[in-house]
Amino acid sequence: MDIMVQKFGGTSVGSPERIQAVAERVLKTQAQGTQVVVVVSAMGDSTDDLIVLAKKLNPTPYGREYDALISTGENISAALLAMTIQAKGGQAISLTGPQAGVKTQDLHTKAKILTVDTTRIKQELQAGNIVIVTGFQGVNSRNDVTTIGRGGSDTSAVVLAAALKAPVCEIYTDVDGIYTTDPRAVKSASKLSEISYDEMLELASLGAKVLHPRSVECAKENNIILHVRSSFSLDEGTWVKENPTMESTRAVTGITLSEEEAMISVEGIPDQPGYAGQLFSELAKAAINVDMIIQSAQNHQTHSTNTITFTVQEEDLAQALQITETTAKTMGAQNVQSEKNLGKISIVGVGMISKPGIAAQMFKTLGDNRINLKLISTSEIKISCAIDRKDAKQALAILHTAFQLDKVTV
Ligand code: ASP
Ligand code: MG
């Protein structure tokens, strides 16, 4: 018999009414003749509430007890959903991560899932149960509960789909799919019917918060099709898969904006091996996330030097600047400059691999609108530009139109 894995996020199980609706839906899936494994998140914002509570009693609570606490939200949703299904005459059982055989690394708060022993899940499915598994948690080699990182229930669901050889994993959420950009920022944003794993990975790591990036990686590795859809409607959502068949003529699939960027330039670095490594190692030691990096060479007659420019999140700027200044001195660099109030706009699409001129079109569109480009960086399927933050929203809207992503209104 086919197995279907359905994951329901926090909003989808956020109230007794919502849990009733989820129960109806999974019962319907089972009635269609498939075995059903359901993965649930904690109700609404309850994980956040638990974290606030923990920090009231211990300012740095991270570790074994923190995981013991913040994993409980999922236990509540799972038990509630199981008893709701039973109340409707169905057969269901809730399993915690440990009971479901989800084994993780010996790390707390961000453990990776290593294996799933599906014996128990399969027994319960055989017995006719809808099996409800808590997302976000597993067990380490010492039998302690671990959690796998905020937003990790998506990853739990995909890992289970892989372990159970389910071809599709449905991710039910409070939006009806993946959009060309954030619909709150651009009204004409349109829902994509399909998107490739690579594009989804770029969008997820650039800040489209619908899917946990690790879940997309895992789906790609195991060739599991994701169907991201709303738990509030029966409409189809967005299919995330290897080779989308439709819309393959488009060059750009989505656009993202991140508004909290700042940049640092180190000028006049002697052109010798090892300096870039030294600078970014120091920043990494302080856990500062560096994003765009550009090095350019100045070839003066007497000696050659480099300028290295990079971006960080604005909240990290002060610390990053201090580290950079200290390192620049030891390297004999001439000058360090920084700039705040930047935004980064990125266009993403596998279509740009085969279509020339996409970068030119992006730069020209921004230039025609008198938006100045501060930095440019590219990958095979992405082009990012750092621009003034005050121009960011306008840039998003005009690029969305220029690349024909606006909703077709009839
Ligand atoms: N409840 C967890 C969190 O809020 C996991 C999840 O929702 O995916 O991060
Ligand atoms: Mg989520």
Side-chain angles (χ1 to χ4, degrees), residues 5-15 18-19 21-22 26 37-55 61-82 94-100 102 104-105 107-113 116 132-140 144-162 169-175 177-178 200-201 203-205 207-219 224 226-232 237 240:
V5 177
Q6 299 185 316
K7 183 257 170 179
F8 292 88
T11 326
S12 303
V13 292
S15 67
R18 295 303 312 150
I19 293 177
V22 171
V26 298
V37 173
V38 181
V39 175
V40 284
S41 291
M43 293 174 73
D45 298 328
S46 58
T47 309
D48 291 328
D49 299 342
L50 291 170
I51 292 172
V52 170
L53 192 58
K55 287 190 180 160
Y62 317 106
R64 185 183 182 281
E65 304 312 326
Y66 184 72
D67 277 355
L69 176 75
I70 67 169
S71 59
T72 58
E74 274 68 15
N75 301 353
I76 294 173
S77 323
L80 286 173
L81 179 58
S94 68
L95 297 177
T96 62
Q99 290 168 335
V102 180
T104 74
Q105 295 173 310
L107 261 180
H108 283 292
T109 77
K110 49 174 184 297
K112 293 234 159 74
I113 298 174
V116 184
I132 300 153
V133 181
T134 52
F136 185 50
Q137 50 167 275
V139 66
N140 67 16
D144 289 336
V145 175
T146 53
T147 63
I148 64 165
R150 294 304 309 274
S153 298
D154 296 335
T155 301
S156 305
V158 178
V159 168
L160 279 172
C169 179
E170 290 190 326
I171 307 278
Y172 285 91
T173 175
D174 51 357
V175 294
I178 310 294
M200 191 61 236
L201 267 174
L203 294 179
S205 40
K209 291 199 186 67
V210 186
L211 284 175
H212 196 229
R214 268 161 58 201
S215 70
V216 185
E217 264 166 35
C218 179
I224 291 166
L226 303 180
H227 186 188
V228 181
R229 57 192 304 190
S230 166
S231 64
F232 295 79
V240 186

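Note that the structure is predicted; figures quoted are calculated from it, not measured. Both ligands and their constituent atoms are indexed starting at 1 by order of listing. FYI, the numbering just counts along the sequence from 1.
Ligand-side atoms of ligand 1 in range of Gly151: 3 (C), 5 (C), 6 (C), 8 (O), 9 (O), range being under 4.0 angstrom from any heavy atom. The atoms of ligand 1 that sit less than 4.0 Å from any heavy atom of Ser41 are 6 (C), 7 (O), 8 (O). In the vicinity of Glu74, heavy-atom distances shorter than 4.0 Å reach the ligand 1 atoms 1 (N), 2 (C), 5 (C). Interface of Arg150 with ligand 1, defined as ligand atoms under 4.0 Å from a residue heavy atom, comprises 3 (C), 4 (O), 9 (O).
Within the 4.5 Å cutoff, side-chain heavy atoms of Glu74 are placed close to those of Gln137.
Scored by the side chain to side chain donor-acceptor pair (under 3.5 Å) test, Ser77 finds no partners at all (sequence neighbours excluded). By the side chain to side chain contact (heavy atoms under 4.5 Å, CB included) test, Ala100 pairs with Leu95, Val102, Ile121, Val133, sequence neighbours left out.
Taking any N or O of Asp154, backbone or side chain, none lies under 3.5 Å from an N or O belonging to ligand 1.
The closest approach between any non-hydrogen atom of Gly135 and ligand 1 is not below 4.0 Å. Under a 4.0 angstrom heavy-atom cut-off, Gly73 registers as lying outside contact with ligand 1.
With salt bridges taken as basic N to acidic carboxylate O contacts below 4.0 Å, one links Asp48 and Arg150.
In this structure a side-chain-to-backbone donor-acceptor pair under 3.5 Å is missing from Ser46 to Ala42.
Geometrically, Arg18 does not engage Phe8 in a cation-pi contact defined by less than 6.0 Å to the ring centre and at most 45° from the axis.
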